[in-house]
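Report on one structure; see the data block that follows.
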Amino acid sequence: MSTGSNSLIWFRKGLRVHDNPALEHACSKASSGSMYPVFVIDPRYMDPDPSAFSPGSSRAGVNRIRFLLESLKDLDSGLKKLGSRLLVLRGEPGDVLVRCLQEWKVKRLCFEYDTDPYYQALDFKVKEYASSVGVEVFSPVSHTLFNPTDIIEKNGGKAPLSYQSFMKIAGEPSCAESELVMSYSSLPPIGDVGSLGVSEVPTLEELGYREDEQAEWTPFRGGESEALKRLNKSISDKAWVANFEKPKGDPSAFLKPATTVLSPYLKKFGCLSSRYFYQCLQRVYKAVKKHTSPPVSLLGQLLWREFFYTTAFGTRNFDKMKGNPVCKQIPWKEDHDMLAAWRDGKTGYPWIDAIMVQLLKWGWMHHLARHSVACFLTRGDLFIHWEQGRDVFERLLIDSDWAINNGNWMWLSCSSFFYQALPPPFYNRIYSPVFFGKKYDPDGKYIRHFLPVLKDMPKQYIYEPWTAPLSVQTKAKCIVGKDYPKPMVMHDAASKECKRKMGEAYALNKKMNGNIGDDDFKDLR
Ligand code: FAD
């Protein structure tokens, strides 16, 4: 075994070969030694019990773990084609890494910089150890287009609290003109792995999860190859990219979703480089006469991701209401039965239930579908804490992402970002659990697909089956209250009460000088 010039590339997110500066550095410096490509299966994320929804938990459901394993397999096969392979280890990543550095006589540790608080703490520990034993650490920012630290510094040490102020500060990302390394002719060899318990990528069953009927429904497969295929398919339709405009687009389109479905590849696992995505978009924009612009364009969507990463990084307690300086204090209610009915798709509102079933089965749903169910749970109907909805998304989404999930839940619950002091307040704009979906899908195809119990319900009752005469329910083989739940609340009364409570909470936050000053959000008006 050669010593002295061995490198270790530690994959966490960034599960890709293309545009991976940490991998590039590890390879270039290991020219006369070995390179150990490592992924550590972290027990923190593993909990196969499908009923595990513990508060604040980051444990992942079966769909996300499956997506992760597919991504690891794809990475392993990409590395094997280049003469290397992925070394999978299990355990607390900090401890595992220290053992690897010791045993493999590593001189250089390379990993992508991560802004999530969990990784900040973990990386601090690993870096401290590395510097105490003279191991060089290279940790580049490559999960995002911008370095959140630079943006915060340019903004006088504070995270920008609106998209507009973020955009003013951010300007062009440095990757705009740089040439990205997309492939290699070969990679340095792996050295002796000794007795560290290195394995191949495990199966779902080996991690205690069950490959059940539900998981088979998920149409999205993990991995860099799939990510690049998806990206190429999206950008090859130049007119679609040029005209992309969110929030226009049909949230009920499930066979051919109205958006790219690149989020699981970009966010959680980094199978796709956001910098490469950015360059591809710029190429399309240059090739067409006219195109949409941020915040509604496809580039604008990518920049929302940057905005949330930066704001989350610069805000203490971003994942909590209490102690979070950008979050309104609202007296949300605790109701475990209501929360469970929402989570399990049993609210009695077919539009809401179908979305929750899509989440459970597919781990992904359209942005406006997420709006609908988040609004229903919080300020729209049930008045339940956004942190509880966040936990359910955290477990079930395949694209679940700490910064973006928390940011969007605060947004949808009108706890932050959407703040507007001038009338009419945003919290009065509530998504109807009946009419919003009907606008896009009057026949209820989406509902019939995800809630087969309602498949024979006539279209005039599909969004409100409790209004169907008993004879119609009998003919449709769906008796409301027996085969499908009655609505858990009556929307008109529930939403009126929610608006009243939001009004009170906003007034109180203002009186107590709140924790968000009007000035922080003035460029939203
Ligand atoms: P496209 O419209 O094709 O956009 C392209 C890319 O832009 C996306 O892949 C994503 O990286 C980024 N993007 C788009 N919309 C947003 C947004 N609002 N905020 C930040 N980035 C965005 N997205 C996550 O990735 N992880 C989450 O955990 C998550 N939780 C959410 C929770 C709630 C309550 C809501 C309302 C939204 C949440 N989103 C989350 C944001 C958004 O819904 C998804 O990013 C989007 O639907 C992904 O689909 P797409 O890739 O087809 O998006």
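Read the numbers this way: they start at 1 and go in the same order the structure lists the ligands and their atoms. The model shown is predicted, which means the values in this text are computed figures rather than measured ones.
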Got the closest protein heavy atom to [atom], with its distance?
atom: atom 26 (N) of ligand 1; value: Asp399 O, 2.8 Å
atom: atom 49 (O) of ligand 1; value: Trp364 NE1, 3.3 Å
atom: atom 12 (C) of ligand 1; value: Gln301 O, 3.3 Å
atom: atom 35 (C) of ligand 1; value: Asn408 CB, 3.4 Å
atom: atom 50 (P) of ligand 1; value: Val261 N, 3.5 Å
atom: atom 24 (C) of ligand 1; value: Lys267 NZ, 3.2 Å

Counting only heavy atoms, which portion of [X] has something under 4.0 Å from ligand 1: side chain, backbone, both, or neither?
X: Trp411; answer: neither
X: Tyr265; answer: neither
X: Leu412; answer: side chain
X: Thr259; answer: both

Legend entry - Sub-4.5 Å side-chain heavy-atom contact between Tyr446 and Ile355: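 When only atoms from C-beta onward are counted, Ile355 and Tyr446 do touch, with a gap below 4.5 Å.
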Which atoms of ligand 1 have any heavy atom of [X] under 4.0 Å away?
X: Phe308; result: 19 (N), 20 (C)
X: Phe244; result: 2 (O)
X: Ser400; result: 28 (O)

Inset, instruction - Answer yes if the side chains of Ser142 and Glu112 hold a donor-acceptor pair under 3.5 Å, and no otherwise. - result: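 Ser142 vs Glu112: donor-acceptor pair found between side chains.
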Inset, instruction - Could you check Leu15 against Phe39 for side chain to side chain contact (heavy atoms under 4.5 Å, CB included), going step by step and ending with a plain yes or no? - result: CA-CA 9 Å; Leu15 302 182; Phe39 184 86; 4.0 Å; yes
Inset, instruction - Quick one: pull up CZ in Phe376 and CG in Asp381 and give me the separation to the nearest 0.5 Å. - result: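 If I round to the nearest 0.5 Å, the distance is 4.5 Å.
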Centroid-to-centroid, [X] to [Y], below 6.0 Å?
X: Tyr265; Y: Phe67; answer: yes
X: Phe307; Y: Phe417; answer: yes
X: Phe166; Y: Tyr309; answer: no

Inset, instruction - Have a look at Lys246, His371, His367 and point out the one with the heavy atom closest to atom 53 (O) of ligand 1. - result: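 That would be Lys246.
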Legend entry - Whether His449 and Phe254 hold their rings parallel, tilted or perpendicular, with breakpoints at 30° and 60°: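 Plane angle between 30° and 60°, so tilted.
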Legend entry - Lys445, NZ atom: more than 12 neighbouring heavy atoms under 6.0 Å: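 Count not over threshold, so no.
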Legend entry - N/O separation below 3.5 Å, His366 to ligand 1: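 Between His366 and ligand 1 (N or O atoms, distance only) the closest approach is not under 3.5 Å.
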Inset, instruction - Mark the output for Trp402 as yes if a heavy-atom distance to ligand 1 is under 4.0 Å, and as no if none is. - result: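 Heavy atoms of Trp402 never come under 4.0 Å of ligand 1.
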Inset, instruction - Report yes or no: does a heavy atom of Phe307 sit under 4.0 Å from some atom of ligand 1? - result: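 Flag not set, Phe307 not near ligand 1.
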Inset, instruction - Determine, stepwise, if the pair Trp342 / Val392 fulfils side chain to side chain contact (heavy atoms under 4.5 Å, CB included). - result: CA-CA 10 Å; Trp342 172 83; Val392 171; 3.9 Å; yes
